[in-house]
Every structure is written in structure tokens, then in C-alpha cells.
Asks: 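Below you will find the structure I want to go over with you.
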Protein chains: 2
Amino acid sequence: MSETKRKTRKKSANRELLEARIIRAAEIVFATKGFSGSTMDRIAETAKISKQNLIYYFPNKDLLYKRVLQEILDIWMEKLSMLESPTQNPEEVIRRYVHEKLRLSREYPNSSKVFAHEVISGAPVLKAHLISQLKPQFERDVAVVNQWVERGLIKPVDPRHLFFTIWAATQTYADFSVQMEILLDKPQLDDDDFDEAEAAITQMVMRAIGAD
Amino acid sequence: MSETKRKTRKKSANRELLEARIIRAAEIVFATKGFSGSTMDRIAETAKISKQNLIYYFPNKDLLYKRVLQEILDIWMEKLSMLESPTQNPEEVIRRYVHEKLRLSREYPNSSKVFAHEVISGAPVLKAHLISQLKPQFERDVAVVNQWVERGLIKPVDPRHLFFTIWAATQTYADFSVQMEILLDKPQLDDDDFDEAEAAITQMVMRAIGAD
DNA sequence: TAAAACTTTTACCATATGGTAAGAAAATAC
DNA sequence: GTATTTTCTTACCATATGGTAAAAGTTTTA
């Protein structure tokens with residue numbers, strides 16, 4: 001009985017492992033080629049399985065793309081709900097927020113790129129999720145920052161544009177890494193670059209909210 | 001004689017006009033669909049000519065894409081070489097820089113999106129141009145800001161990351177406009193939004209360089 | 001060990017799309 | 001007014017690609 005369970009678990013674990021590998025592969029391809037430019041063949045090759053086998057796991061490209069986007073959104077929504085501790089010191093909260101956002105760019109650059117392609121293209125698939133998931137959280141976070149301003153904890157700022165700027169400034173280190181590598185004369189952005197970026201962005205934001 | 005010239009001029013002017021219309025159409029399609037997702041048929045339709053006629057003007061898709069990118073780069077390089085007046089007041093120069101960059105996002109959102117798609121995809125076509133055109137200017141501009149710091153005209157900042165942040169913060173209003181429209185509950189970003197964005201970004205940057 | 005379920009491969013196809021070839025039509029030159 | 005050049009259309013095609021159908025192979029169940 002326990003043996004049966006173990007076997008069943010093991011098999012489905014294998015499947016999950018392969019699905020995860022496929023999604024990772026798909027993410028890489030979608031990140032560099034966009035949705036239309038990505039072929040099932042190329043994704044399969046990247047995942048080191050046959051195209052037909054890929055289709056066995058994900059019967060069509062749209063579905064695979066949606067799964068990739070959903071995984072991305074899940075990660076981001078989870079890691080970026082940190083403004084929900086409004087009792088904390090604003091400076092610390094924002095510092096951590098920038099830090100976390102930048103860490104996502106560093107650790108999930110492909111996710112960031114897929115997301116960017118999607119939104120730039122008009123978010124045909126993600127629009128609904130942005131409305132139902134991102135928007136409510138955005139509004140809560142805006143409210144939190146507004147309260148900080150009202151309580152005089154930080155200098156007056158427009159929270160909406162503050163968030164837009166932080167998002168843009170952090171994501172750019174994933175999305176536009178190629179441009180930076182060229183301008184900084186480096187084959188790859190390394191940990192030092194990200195640390196410098198964090199210092200620069202944090203400093204800017206801190207000065208903006210009057211916490212320097 | 002002058003009539004001949006006029007006719008000749010007029011004809012070639014027509015051609016240039018149509019080519020410009022095609023490029024504009026291509027830009028729209030490339031912006032929303034990326035390179036691979038854009039079809040010659042769709043571009044032709046957008047330009048209101050037949051696909052075969054489009055091919056008469058631009059014999060292949062790669063060529064058309066390169067032309068679009070070149071036009072974009074030309075506009076940007078021209079408008080963004082404003083740090084070359086180092087004698088001017090840093091505050092004013094940077095203020096104008098942010099203003100101009102944001103104006104480009106407002107006036108050429110499609111250009112910005114095509115550029116973004118390209119760079120996110122690894123800049124397969126633009127890489128050479130970035131090295132030969134953007135990099136030298138970037139290094140000059142970095143040097144200028146460094147001089148300001150050395151002369152004590154502004155607070156110490158890392159010019160490279162300052163530029164990355166300004167670029168990201170301004171371009172995001174073109175590239176991620178859909179996301180913002182959702183979050184701000186607006187069908188379209190309008191002039192007020194851009195003015196607010198400019199105020200917010202400028203304020204942040206001004207505070208960052210200690211000019212507030 | 002035989003059946004059942006799951007996984008992978010082989011064979012194939014319909015459609016979309018970038019592009020060629022060549023002729024018709026229109027504008028321009030002489 | 002005819003020749004020539006330029007522009008546009010019609011007909012067509014080769015290839016790439018997402019996907020179907022079904023058989024073969026492998027693992028799990030009982």
C-alpha cells in the first residue's frame with residue numbers, strides 16, 4: 001500500500017519534473033524570440049525532448065505560453081506583496097521592496113523578458129490577470145504609501161508614479177541586460193552590477209521620499 | 001526643364017511618401033507583434049497597399065525591419081545628444097533630458113516598443129549599432145556627469161545607473177502603457193499623465209543629484 | 001504474467017507565410 | 001505619340017510550423 005503510493009508519487013513527481021523542465025525551456029525561448037517567434041520544435045529541443053513528446057505534455061502552444069505566464073505571475077505576486085506591512089518603517093519597507101524586485105530581475109531574467117514582451121504587445125493574454133490580480137494589490141500599495149505621506153512619515157510623492165519608476169528601474173536590469181552589457185563592456189551583468197544598481201536605485205528612491 | 005525637374009521631384013517625393021507610410025505601418029505592426037509575429041501581409045494591409053506592392057518597395061522583411069530600426073535610432077540619437085552642452089547648468093540639462101526622453105515616449109510609442117522588443121530579444125540586429133553609435137555617446141555623457149560630480153555641482157551619483165534609471169523610467173510610459181492604463185483606470189495615457197510622470201521622475205532625479 | 005495506463009516515436013498533413021516570376025497598367029521621357 | 005521606365009497586380013510556390021492519428025514501447029496495476 002505504502003509502496004503503491006510511493007510509486008504513484010514518484011511517477012507523478014517525474015512528470016512534474018519534466019513539465020517544469022519544459023516550462024523552463026519554453027520561458028527561455030519565449031524570452032528571446034517572443035511568442036510568435038518561438039517554435040514548438042525549438043522549445044522541445046531546448047527541453048531535450050522530441051516535439052511530439054512536448055505536444056503530449058502541452059497539446060498546444062497557446063496553452064504552454066499561458067502556463068509560462070501564470071508561473072511568472074505567481075512568483076511575482078507572491079514576492080511583491082510586501083507593502084502589506086504598513087506598520088513597519090517606510091524606509092525599510094521600500095528598501096526591501098527595491099531589493100526584492102531587483103532580485104527577481106537577477107534570478108528570473110527570462111520571466112521578466114517574457115512578461116515584458118507580453119505587456120509591450122498589448123498584454124493580449126495577461127490583460128485579464130492584470131485587472132483581477134495586479135490592480136487590487138497596486139491599489140492597496142498605493143493607499144499604504146499615501147498613508148505614509150499623510151502621516152508625514154515620508155515626503156509627498158505620487159505613489160503611482162513612484163511604483164512605475166521602481167518597476168521600470170529594476171526590471172530594466174533583466175530586460176535590457178544586453179544593452180547594459182554593451183555599455184558597461186561586460187560579457188554579463190554580475191552580482192557587483194546588481195549591487196551597484198541596487199545602491200543607485202535605493203539612493204534615488206530614498207532621497208525622493210526624504211529618507212536620506 | 002524646370003517642369004521636368006519638378007515632375008521628377010514630385011514622383012520621387014511620392015515614392016518617399018509611400019515608403020514613409022510603409023515604415024510607419026511596419027512600425028505599428030512590429031510594435032504589437034514583434035518581428036516574427038509580424039507578417040508582410042499585415043504590414044501591407046496596415047499601409048493600405050497589396051502585399052506584392054509592399055514587396056516591390058521592400059523586397060524582404062528583414063530589410064524593412066532594419067529600415068524601421070535605423071529610423072528609430074536616428075531619431076533617438078539626434079534628440080538625445082543633449083548632454084553635450086556641459087557648460088550649462090546641470091539641473092537644467094538633466095531636466096531637459098528627462099523632458100525630451102519622455103516626449104519621445106509620448107510621440108513615438110511604437111518606436112519605443114519596437115526597440116524594446118529588439119533589445120529584450122538580445123538585440124540581434126541592433127547590437128552592432130549599439131556598440132558603434134550608442135556606446136560612444138553614452139561614455140561622453142557619463143564623463144560629463146562625472147565632471148559635474150568632481151566639480152561639486154551635483155551630489156555624488158553613479159552616472160551609468162542614473163542613465164539606466166532615467167531611460168527605464170521614461171521608456172516605460174511607452175512600452176508598458178497598457179499596464180498603466182489598466183492600473184490607472186484609463187483607456188489611454190493622456191497629456192496629464194505624462195506631465196505627472198515628468199514631475200515625478202524629475203523630482204526624483206533632482207533630489208538624487210541634490211538639486212531640490 | 002497479463003491487462004491497463006502512461007509515455008514516446010513515426011508518419012503525415014493543412015495552413016500560413018515569405019518570396020519569385022512575369023505580365024498589366026500607369027506615369028514619364030523624348 | 002511612341003518608347004521607356006516605374007508602379008502595381010496576378011499567379012504561383014517552397015518551406016516552416018502547429019497539430020492530428022496511431023502505432024510502438026515502457027511502466028504500473030492487479
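In what follows, chains are A, B, ... by sequence order, proteins preceding strands, each numbered from 1. Since this is a predicted model, take the numbers as computed values, not measurements.
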Asks: Do B:K113 and B:F30 meet the cation-pi criteria used here (NZ or CZ under 6.0 Å from the six-membered ring centre, within 45° of the axis)?
Replies: no
Asks: Mind calculating the distance between CG (B:L64) and P (C:dG18) to the nearest angstrom?
Replies: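 Taking CG of B:L64 and P of C:dG18, I get 11 Å after rounding.
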Asks: Evaluate side chain to side chain contact (heavy atoms under 4.5 Å, CB included) for A:E118 paired with A:V125, printing each intermediate quantity in order.
Replies: CA-CA 8 Å; A:E118 164 71 11; A:V125 173; 3.4 Å; yes
Asks: Among residues at least two apart in sequence or on other chains, which ones pass ring pair (Phe, Tyr, Trp, His ring centres under 6.0 Å) with B:Y108?
Replies: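 B:Y108 satisfies ring pair (Phe, Tyr, Trp, His ring centres under 6.0 Å) with no other residue.
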Asks: Does A:L63 reach a base, just sugar-phosphate, or nothing at all? Heavy atoms under 4.0 Å.
Replies: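 Since no nucleic acid heavy atom lies under 4.0 Å of A:L63, the category is nothing.
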Asks: Do any of residues 40-56 of chain B sit with a heavy atom less than 4.0 Å from DNA chain D, and if so which?
Replies: B:S50, B:Q52, B:N53, B:Y56
Asks: Could you tell me whether the phosphate oxygens of D:dT7, OP1 or OP2, come under 4.0 Å of any side-chain nitrogen or oxygen in B:R15?
Replies: yes
Asks: Only counting residues at least two apart or in another chain, list the ones meeting side chain to side chain contact (heavy atoms under 4.5 Å, CB included) with A:Y56.
Replies: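 In terms of side chain to side chain contact (heavy atoms under 4.5 Å, CB included), with neighbours along the sequence ignored, A:Y56 is linked to A:R15, A:N53.
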Asks: Measuring only between side-chain heavy atoms, which start at C-beta, is A:L102 closer than 4.5 Å to A:R106?
Replies: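 Side chain of A:L102 against side chain of A:R106, heavy atoms only: no contact under 4.5 Å found.
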Asks: What is the separation between atom CG on A:N60 and atom P on D:dG18, rounded to the nearest whole Å?
Replies: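 Spelled out: CG on A:N60 to P on D:dG18 is 11 Å.
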Asks: Starting at OH of B:Y57 and ending at C1' of C:dG18, how long is that distance when rounded to a whole Å?
Replies: 20 Å
Asks: Just compare C:dT17, D:dC8, C:dG19 and give me whichever is closest to any side-chain atom of B:K61.
Replies: C:dG19
Asks: Hey, does the side chain of A:K51 reach the backbone of A:R42 with a donor-acceptor pair shorter than 3.5 angstrom?
Replies: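 Side chain of A:K51 to backbone of A:R42: no pair is present.
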Asks: So B:S36, base contact, sugar-phosphate only, or nothing? Heavy-atom distance under 4.0 Å.
Replies: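 Contact class for B:S36: none.
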Asks: Distance check needed: C:dT8 C1' versus A:I22 CD1, whole Å only.
Replies: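 Those two atoms, CD1 and C1', are 12 Å apart.
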